[in-house]
Amino acid sequence: MNLRTIDKRVMVLGDGETAVRLSKALNTSGLDSYLLWAGGTPPEGIPEGIAVELSARLVALQGQVGDFTATILSSDQFIRKLAGSVMVAFESRTEPVFDVATAPMHEGVATLEDAEAILRGERQISGDVKTVVFLDRLDGASTPASSERQFNAILSFLDRGIKCYAIGCQMKVASRNLELLYGRARDGGCVFFKNDFLSISFTQGRPLIRFEDLILHEEKEICADMVILAENFMPGASLPELREILGVETDKAGFMQADNVLRLPLQTNRRGVFVVGPSRAPVTRWDLDQEIPAAVSQVKELFAWAESFPYEEVISFDIDACARCLTCFRSCPHGAIHFTNRPNFLALACQQCGICTAFCPNEAIELRDMEKDRIKGLIANERKGSDSAPVVVFACEKSGARILNSIPSEDTLLRRIRWIQLPCGGTLRTQYLLDAIGNASEIPERVMVLACHEDNCRSGMGTIKARATVERVKSFLDSVGWNQTKIEFISTASNEAERIRKLLAAS
Amino acid sequence: MVDSNLQTEDRDVLQDLAERYGVEGVRSCYACGTCAAGCPARRVNPAYNPRKIIRMLVLNEAKSLLEKDTIWLCSSCYTCQERCPQGIKITDLITALRNLAVQQGRSPSGVGMQANLVRSQGRLYALDEFDDKKRKKAGLPSLSPQIEEAVRLLKEES
Amino acid sequence: MAQNRDSILVVGSGVAGLSASMSLARQGYNCILVEKAGSLGGHAAGYTCKAINGKCQKCGACLVDDLLARFGDFPEIQVFLETRIDRIERKKKGFTASLNGKYGLKDINCGAILLATGFKPFDPNEKSNLCFSSIPNMITAVELEAMLRDKELPYRPSDGRQPETIAFVQCVGSRDPKRGHPYCSQVCCGYALRMAGRLRDLAPKTKITFFFMDIQTFGRSFSQRWASLQQDFIWINEIPGDYFVSDGDRVGVSVEVEDEIVDLSFDMMVLSVGMTPTDDQLTYQQMLDLSMSSEGFMLPDEDRGVFVVGSASGPMSIEKSITDAAGSATRVIAYMEGAR
Amino acid sequence: MKYALFLGCTIPARSRNYEMSSRAVAAKLGIEFQDQMDFCCCGFPIKASDEHAATLLAARNLALAEEMNLEICTLCSACTAMLAEVAHKLRYDEGFREEINKDLAAIGRQVKGTARVRHFARILLEDIGVENIHRSVTVDLKGFPVAVHYGCHYLKPSYIYEGGEDPEAARSLDALIAAAGAKSISYIRKKFCCGGSVLVADEKTALGMAKEKLDQVQAAGGRSMVVVCPFCSVMYDDNQKSIESAFNVSYQIPVLYLPQVLGLAMGMDRKTLGLNMNVVKTRKITEDILGAE
């Protein structure tokens, strides 16, 4: 076996505990790591042997797993660094949940972060605090991560003999030991109220909270010495920019892992770029304790894979047909096409979805085993007489093909269909559909495209692409009055065998 | 200045209940509603609601709870206590609250009368000659009209 | 390179066991994967896709197929199906485990043990006020998963008819310290809401009611979706007290709504059962001298080579099980390197 | 098979039919009852006002049973729970036992914590057995539909009844009814309380609670109810007329004690079983079953 020589250093980007813990964990496991630290003063607890770049900001990242080149702005100087993998491990930003906090801040109103600073002794409480009220989100959308912080703060206040109340809408306890923590806060004397409405006013310099107790159905009011606002976890401040630099997808809230289960646990669409902890999603302590060692495993597995990856290219590219239109570069969901004066296909970054081949206007790109001619041959593959299949199916290997493969060969259903496996729905070309109708020995009754459900495409956009291709062909056929073949786009998953069988049998 | 309408007590009744009657864990209620939903008394009379009783205790409103007399509507059927996922001994709690109410002189008249009868004769119903005659007629053995020793026991106790 | 090292015994081939053994194999370690059932995949292999109108709901159920599809490539993993572990003996270095199953009796040596024995769905018979066994159209969410996976539509066990009104009861066997389950099972709100969405997608006229305490976050886009979910379903922020057969074959409940006790009835009721320790847990605890976590699951003894991964260590989603498995692999390797 | 019969206060004074039928059925099945003239009130009626006093009374009764070296057989469910609860505490809580013994010393008694208490129905089921009861049946009850009412304290609080049955899925009375050849019907709210304990505080609530159940029994076609506690009988039998007039409903559902049904099946006559003392007339039932006497 040919082993590649790959760079196994891991570049960790961060500004807090997550990055420090991660660097240490990588080092302990025998991987070299270095830290791009956002702050100007070095983090505490970094052992010897881990290099730290202070005031460092990533401005560009080129290359692929095992061979990344990073351009870094560090203390006003541009430097270049090489790495085999990049791990994003910033802390999240927090944002108070109520409008009252953005209004001229009353001295009796603090954020949870303020309260934590007070508890750590970094800040003084003004005056004698006997009663505090914790306010959580009232729209039911808080997270276990924020509950955990709130419960811990409550317990610390209770320890100091301070009376605690907490008002929120849904009590989130879906994390390890969180229900027990909630129980300790209740048993310790904190009274929890559930409501989605309350009002705050200030009397004699103290906050007064009015709301209904939904168990007693009675109006209650608490005059507190301090109101503590829960905070939402927001993506760290550097993430929006970093997302552009790294070319990775984010979820709706802007956390740096697309909400795509096929990226689990810590991967991004760009192979070799990982995201850990609060940069990925709001996390509890338990989540983080899981994720840090998981990151170590993930990167080691990836390096092992990259080392043993064969040299042969999976993409063949016809430079004479290339118009340098950049379509492939723009459409690659995995950051696997690096464009200089021509596209360069990064073999280790390529996930072989074939989306570039389907998008290329000049058909200059081919994916191995998915060459046009081969597919055409498969489509045309003639059968004699009654064996001619009335249904032609294109099926993504992650979903539809898994179902079709699970049908036992003696099943008569298989006699009715001829199917072609695609590495991704996105590989589907207009031409294939037209060929399926035109070049087959007999005109099929139906042509079906089985791709993954939207948002469950390994390549993010493959399903959308496949659906668009089907729609385009359908409207074209409508315009020419072709109605002999029904063309359908069906999204599915590997565990929907029953549904797909029914659909296939219905023809 | 009164801090809030939630703090009306000088004394922590929950602590009292735990120390004197062994009823613990009342604060662990997370108000799931199982107790009230299955309560046969609450179904008939909304004035009674075990979840509200626990809530009032958690909110330190034992005083007004005892004033309301609703605790006497519990039928001691133990349905709530058996079902409470937090294991709160709700029925035992109500009994303890009733004891507290009696000490404060608040109880339905029948309750005190029953107690007095038991204290004075060792049984709820004294079996007089008339009863004894009826029992004899039914072929049942006669019983002591009252139990002096039990009367003595309760005298010593109080 | 792997030959000189001791193997790692992985017990259980659900999401956690599969992920952990693959992670170890990819890092050059040999694994012995023991599964008591006849096939790999564990609970998740029986779950339904919960996509709604062609949109993935991120339940992760199909990930187990993905794991199984990739699992074929690993010569480093030796699989024993339909096999149980009779005994585990600690040696001076590592362990000897006595396997008993389809392939007969066999003693194997290993350097470390990963218990990925999973969970048991809460048995509703343990919570007897549900009267589970005497109410025909009350099913568990696990049964609904299978119904949707195999038949694509819900049907009533009593007559095979499609229910028009369905109620989900949340937290059945979760958040229940009295029965030894003082935890949120983390997954039930997620699977129930997703399946409810799927049901409505398949049969739009179905009216669905939820009895719940607190809806736990599921998925990351929860905050955006909560508002619309509140309109899609009927939400009753209460847990019923009594459960009974009503009108011959419907499921009746008594529940407090708006400060009043009402009797409601439904064509079918789904119990969102939580995750509880497996029946085997005690055996492994005794075999390996393990203690129990405050949530009632097995605690590992990592210093002595015993690791607990996935829902064997406490309630965990598919997503978290995969993360946990990867994390455990790092700790197992650190242990193996240290022991060498 | 010998037990110390604990009658309590209500049964000897107001529910002689229960006592008569119990004694008759027990004798028939070879159960010997030892009467103890000195048993006092179980303590239950005073529990709400002074739990400690109630406990002392219960403990005194248990001390007497220990002296007799016999297990207590109760007929009233409230007595059962009161005595069993204290027996349970005395058995397992040494500190509690010492404290109680300090008080009992004033009357020259003490408890060891060995006393056992079981309800008559449970003794029938566990010590005689369904088979033997069935064997003593001489009259075919022809599957007469009966609504079994367990009541509360016969089963709850469950922790005091070691080896007792699950109150949410109780079967014991159904099994005994079936053994007698009657049919236990299923009805909604079967587990509900009669409301007897509320009577002292609020009559309307108490009657309303009893009504809930009578409604369901009637709806389910129950032609009689069977109870094992005099308080339940007070609510359903003695107060049935009051409920009918208070809520403008009509039931006329006879309420029998369990041993009365068993006795009928064993061929005993109405007089032996005290059936003429039941408030809602039971004549129709016995005619249906036995034919006109």
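Chain letters run A, B, ... following the sequence lines, proteins first, then strands; residues in each count from 1.
- At a threshold of 4.5 Å between non-hydrogen side-chain atoms, the residues C:D65 and A:N495 count as touching.
- For the pair C:K320 and A:D287, the salt-bridge criterion is met [side-chain N within less than 4.0 Å of a carboxylate O].
- In this structure, A:K300 and C:T330 have side chains that are not in contact, with every pair of non-hydrogen atoms separated by 4.5 Å or more.
- Here C:Q186 is the residue among C:E256, C:Q186, C:M213 with the most heavy-atom pairs under 4.5 Å with chain A.
- The two residues A:A174 and C:Q216 have their closest heavy-atom pair at N-OE1, 3.4 Å.
- Taking every heavy atom of both residues into account, A:Q290 and C:D324 meet most closely at NE2-CB, 3.0 Å.
- For chain C, the option among A:R467, A:H217, A:R501 with the highest count of heavy-atom pairs below 4.5 Å is A:H217.
- Heavy atoms of A:W286 lying under 4.5 Å from chain C belong exclusively to its side chain.
- To the nearest 0.5 Å, atoms CG (C:D214) and CZ (A:F192) are separated by 10.5 Å.
- Using a 4.5 Å cut-off between heavy atoms, C:P315 contacts chain A through its backbone alone, with no side-chain atom that close.
- Counting heavy atoms of neighbouring residues, nucleotides and ligands inside a 6.0 Å radius, atom NZ of C:K178 exceeds 12 of them.
- In this structure, C:R220 contributes its side chain and A:Q257 its backbone to a donor-acceptor pair below 3.5 Å.
- Using a 4.5 Å heavy-atom threshold, the side chains of A:R402 and C:D66 count as touching.
- When the candidates A:L264, A:N260, A:L302, A:T463 are compared by the number of heavy-atom contacts under 4.5 Å with chain C, A:L264 comes out ahead.
- Per-residue counts of heavy-atom pairs under 4.5 Å with chain C were compared for A:S175, A:A493, A:S491, A:A253; the largest is that of A:S175.
- In this structure, CD on A:E179 lies 10.0 Å from OG on C:S185, to the nearest 0.5 angstrom.
- Side chain of A:K172 to backbone of C:I215: a donor-acceptor contact under 3.5 angstrom is found.
- Proximity to chain A (any heavy atom under 4.5 Å) is restricted, for C:F212, to the side chain, taken from C-beta onward.
- Interface remark: C:I333 contributes side-chain atoms only to the contact with chain A (heavy atom separation under 4.5 Å).
- Contacts between A:C452 and chain C at a heavy-atom distance below 4.5 Å are absent for every atom of the residue.
- Atom SG in C:C62 sits 6.5 Å away from atom CG in A:L262 (nearest 0.5 Å).
- For A:S297, the parts lying under 4.5 angstrom from a heavy atom of chain C are both the backbone and the side chain.
- Within 6.0 Å of the CZ atom in C:R179, the count of heavy atoms belonging to other residues, nucleotides or ligands exceeds 12.
- Salt bridge status for A:R280 with C:E319: present, with a side-chain N to carboxylate O gap under 4.0 Å.
- Heavy-atom distances place both the backbone and the side chain of C:A61 under 4.5 Å from chain A.
- Using a 4.5 Å cut-off between heavy atoms, A:A258 contacts chain C through its backbone alone, with no side-chain atom that close.
- Neither the backbone nor the side chain of A:F303 comes within less than 4.5 Å of any heavy atom in chain C.
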* Might you work through the side-chain contact (heavy atoms from CB on, under 4.5 Å) test for A:L178 and C:C184, ending with a clear yes or no? => CA-CA 8 Å; A:L178 209 46; C:C184 161; over 6 Å; no

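- Of the residues considered (A:L266, A:N177, A:D289, A:I215), A:N177 shows the highest number of contacts with chain C, using heavy-atom pairs under 4.5 Å.
- For A:R176 (side chain) and C:S313 (main-chain N/O), a donor-acceptor pair under 3.5 Å exists by modelled atom type.
- For A:S494, the parts sitting under 4.5 Å from any heavy atom of chain C are the backbone and the side chain alike.
- In terms of heavy-atom pairs under 4.5 Å with chain C, the best-connected choice from A:G30, A:G140, A:G183 is A:G140.
- Between A:E291 and C:T323, the shortest heavy-atom contact is CG-CG2, 3.9 Å.
- When each of C:M316, C:E295, C:K55 is scored by its heavy-atom pairs under 4.5 Å with chain A, the top score falls to C:E295.
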* Checking salt bridge (charged side-chain N to carboxylate O under 4.0 Å, His left out) for the pair A:E496/C:R198: CA distance, chi angles, key distance, verdict? -> CA-CA 13 Å; A:E496 288 195 295; C:R198 175 94 167 179; 2.4 Å; yes

* For side-chain contact (heavy atoms from CB on, under 4.5 Å), just list the numbers for C:N237 and A:K194, CA-CA rounded to whole Å, side-chain angles, deciding distance to a tenth of an Å, and then say yes or no. => CA-CA 11 Å; C:N237 198 348; A:K194 263 200 235 177; 3.8 Å; yes

* **side-chain contact (heavy atoms from CB on, under 4.5 Å) between C:C49 and A:R499, worked out** => CA-CA 10 Å; C:C49 172; A:R499 180 171 151 247; over 6 Å; no

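- With a threshold of 4.5 angstrom between heavy atoms, C:R331 approaches chain A through side-chain atoms but not through N, CA, C or O.
- Between the C:T217 side chain and the A:S142 main chain, a donor and an acceptor come within less than 3.5 Å of each other.
- Between chain C and the options A:Q298, A:K398, A:R137, A:E498, the largest number of non-hydrogen pairs under 4.5 Å is found for A:E498.
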